[in-house]
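Throughout, a chain's letter reflects where its sequence line sits, starting with A, and its residues are numbered from 1.
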Protein chains: 2
Amino acid sequence: MATIQDVAKAAGVSAMTVSNVLNDRPHVRPATRARVLEAMARLDYRVNVAARNLRKGRTGTIGLAVPEVNRPYYGRLAAAVITAAGRHSLRVSIEQTGARREDELAALTLSRNRLYDGLILSTVGMGQADVEALEVDHPVVILGERIFGGPVDHVAMPNVAASAAATRHLVERGCRRVAVICGELRDEVDVSSLRHSGYRQALAGAGLAADPGLVQSLPALTMDAAARRARAMMAEGLDFDGVFCVTDTVAMGVLRGLADAGVRVPEQVRVIGFDNVDESAFLVPSLSTVDPDHDLMAERAVTLLVARMGREGPPAAQEEFVGPFSLVVRESTGG
Amino acid sequence: MATIQDVAKAAGVSAMTVSNVLNDRPHVRPATRARVLEAMARLDYRVNVAARNLRKGRTGTIGLAVPEVNRPYYGRLAAAVITAAGRHSLRVSIEQTGARREDELAALTLSRNRLYDGLILSTVGMGQADVEALEVDHPVVILGERIFGGPVDHVAMPNVAASAAATRHLVERGCRRVAVICGELRDEVDVSSLRHSGYRQALAGAGLAADPGLVQSLPALTMDAAARRARAMMAEGLDFDGVFCVTDTVAMGVLRGLADAGVRVPEQVRVIGFDNVDESAFLVPSLSTVDPDHDLMAERAVTLLVARMGREGPPAAQEEFVGPFSLVVRESTGG
DNA sequence: TTGTATGCGTTATCAT
DNA sequence: ATGATAACGCATACAA
């Protein structure tokens, strides 16, 4: 495989000149440039990215650590991050952490190894107790929940406000016994807790009692667990007329479970989700949900990371960005 | 940031010894090893992957070029590829090609630049005419359709056989006017053409006429286009009692469109898809479909690539792997 | 405008 | 069991 030296020799110039041509630098005579380009083509020259990386101290690649790209929300996010990174000429290498704390910490290590110029980390397994693991000297942006006030930039969803709005929407449509289907409420800062908190606020604001029996915690935020739970709720004779699901995935399971139990949506029970995944508009009934503007969040995360990557000297203060949201009203709430 | 030299100095050994410790090589005295490890910990040493890559001539990263990770099938595939690559200690960098031919060719170039040790390429925009672009001297595996008999390994779905099986299933359930909803039939080797071909075979095998009016080509394989088309088919009074959708995404759109038109599935029309995406089991009605074993295909693609990466000397003959499939019968075909 | 010399951090080879 | 040396391919100061 031809190197820059080989090209230089073939073109009768120095390696420096080839490098200049390669990087589109000025001060290269057209004739020289032409000779170099010709030699490069003839030898089928390809830059060696590893060598360039070593020399420049940067790799042109950022890492994105998410639980799994195949989950609707994270897939959406990954696509948006890759697109946003592309606008900065950065490639994206994806680590799947399986939502495991250890794997999230491992992603931090890889980044620290200068494998990546920076890391966007979706913390799901890590918690507030792991804040000190983020005390690193290279760019990291947290995208998601569970770690607040840490030493790095943070892009978060408007979890509480959007959940309150979703719940309020159900109340406005006449629901008086609104259930919430979430994951385990581990601590104060995980997705389920934050969204559950918004749900509570909305109920309180509407003067409705908070019945603990209406809070349904799933072992995992999967369609399967959600469908089972919905069927169980009906089998147990639980009295409810509205359901706020903390993700669209959960909502899809709930819709299926209610259908199994012969419950009509929205006539008997109204359902709303969170995420506005592509499928939600095409379900039968179509799913009302919260749209958190994933593209904007990905864009902000990449922009913050790029800013850190370019910065020399003393670090700037951490930034916290909370995205906007909008309510998408569809058939499942009688819209 | 500490280098291997710094550690060597701190531990009172040579850089080579540090390298030996780092790579778990034998012939290092326990006491020496301990001193080195202590120094590494004290200086918070991290290997510089770029330097290692340059020296070794490999990057430990493979590229995966797909249209978009957010599409159900490709997301599933990406997740499986990342997992399979992880078993070989390889990272995966994802290129989104948007199904554009130029971007698929660009991914080949990046790989050629030794940015990746190898590339798994989902060809969607490229076609048989681009075969010569694959005449490269580094490992490439094609995962998908559109290029057959090329100069590289190829992992493909059992498109024709599985589509025939799906169509046959509809016929066995009593359908006599079976429609197919596909994309544009561009040439003989794209997904739609292959699956349409299986559909034709099954009809012929069942002694049913092939009515051109039952072949519905969409401008894009999206839920939206599929839903519109389903509504249009009903509005036009098209006579059909079964639909084979070339992807589950299309099927989801069709289910929605039929619901809009007040058509009951499976009572009036039976529907079957292709891919067995996670959502298909939870739709109302749940979707019958073809399961192509994505994990196995990803596994094979990675294995073939790794084999090429490790090989020296004359290249082995190209391998073609066609995966297995199974039919998943659910409510949408009355299962 | 072009060339020379040097170093980025690591590891393979060979020597001790 | 450990060390000295060189080289991977490129880009940057600096010189010409």
OP1 or OP2 of [N] versus the side-chain N and O atoms of [X]: is any pair under 4.0 Å?
| X | N | answer |
| --- | --- | --- |
| B:Asn48 | C:dC8 | no |
| A:Arg52 | D:dG9 | no |
| B:Ser14 | D:dG3 | yes |
| A:Thr3 | D:dC8 | no |
| A:Thr17 | C:dG3 | yes |

(message) If you assign B:His27 and A:Ala2 each to the DNA chain D nucleotide with the nearest heavy atom, which residue ends up on the more 5' nucleotide?
(response) B:His27
For [X], report the nucleic acid contact type (base, sugar-phosphate, nothing); a contact means any heavy atom under 4.0 Å.
| X | result |
| --- | --- |
| A:Arg58 | nothing |
| A:Ile4 | sugar-phosphate |
| B:Arg33 | nothing |

Mind calculating the distance between [atom1] ([X]) and [atom2] ([N]) to the nearest angstrom?
| X | N | atom1 | atom2 | answer |
| --- | --- | --- | --- | --- |
| A:Asp6 | D:dC8 | CG | C1' | 13 Å |
| A:Met40 | D:dG9 | CE | C1' | 15 Å |
| A:Lys56 | C:dG9 | NZ | C1' | 18 Å |
| B:Leu115 | D:dG9 | CG | C1' | 15 Å |
| A:Arg114 | C:dT10 | CZ | C1' | 12 Å |
| B:Asn20 | D:dA4 | CG | P | 14 Å |
| B:Asn53 | C:dT10 | CG | P | 12 Å |
| B:Lys9 | D:dA4 | NZ | P | 12 Å |

(message) Has A:Thr83 got a side-chain atom pairing as donor or acceptor with A:Ala79's backbone, closer than 3.5 angstrom?
(response) yes
(request) Kindly point out which of D:dT2, C:dT2, C:dT11 is positioned nearest to the side chain of A:Thr32? (result) C:dT2
(request) Report the nucleotide, chosen from C:dT1, D:dA11, D:dG9, that has the shortest atom-to-atom distance to any side-chain atom of A:Arg29. (result) C:dT1
Under a plain distance cut-off of 3.5 Å, with no hydrogens placed, do [Y] and [X] share a side-chain donor-acceptor pair?
| X | Y | result |
| --- | --- | --- |
| B:Gln96 | B:Tyr74 | no |
| A:Asn159 | A:Glu145 | yes |
| B:Thr59 | B:Asp117 | yes |

(request) Report yes or no: is there a donor-acceptor pair, N or O only, under 3.5 Å between the side chain of B:Arg55 and the base of C:dT10? (result) no
(message) Could you check whether any side-chain heavy atom of A:Leu22 comes within less than 4.5 Å of a side-chain heavy atom of A:Tyr45, counting everything from C-beta outward?
(response) yes
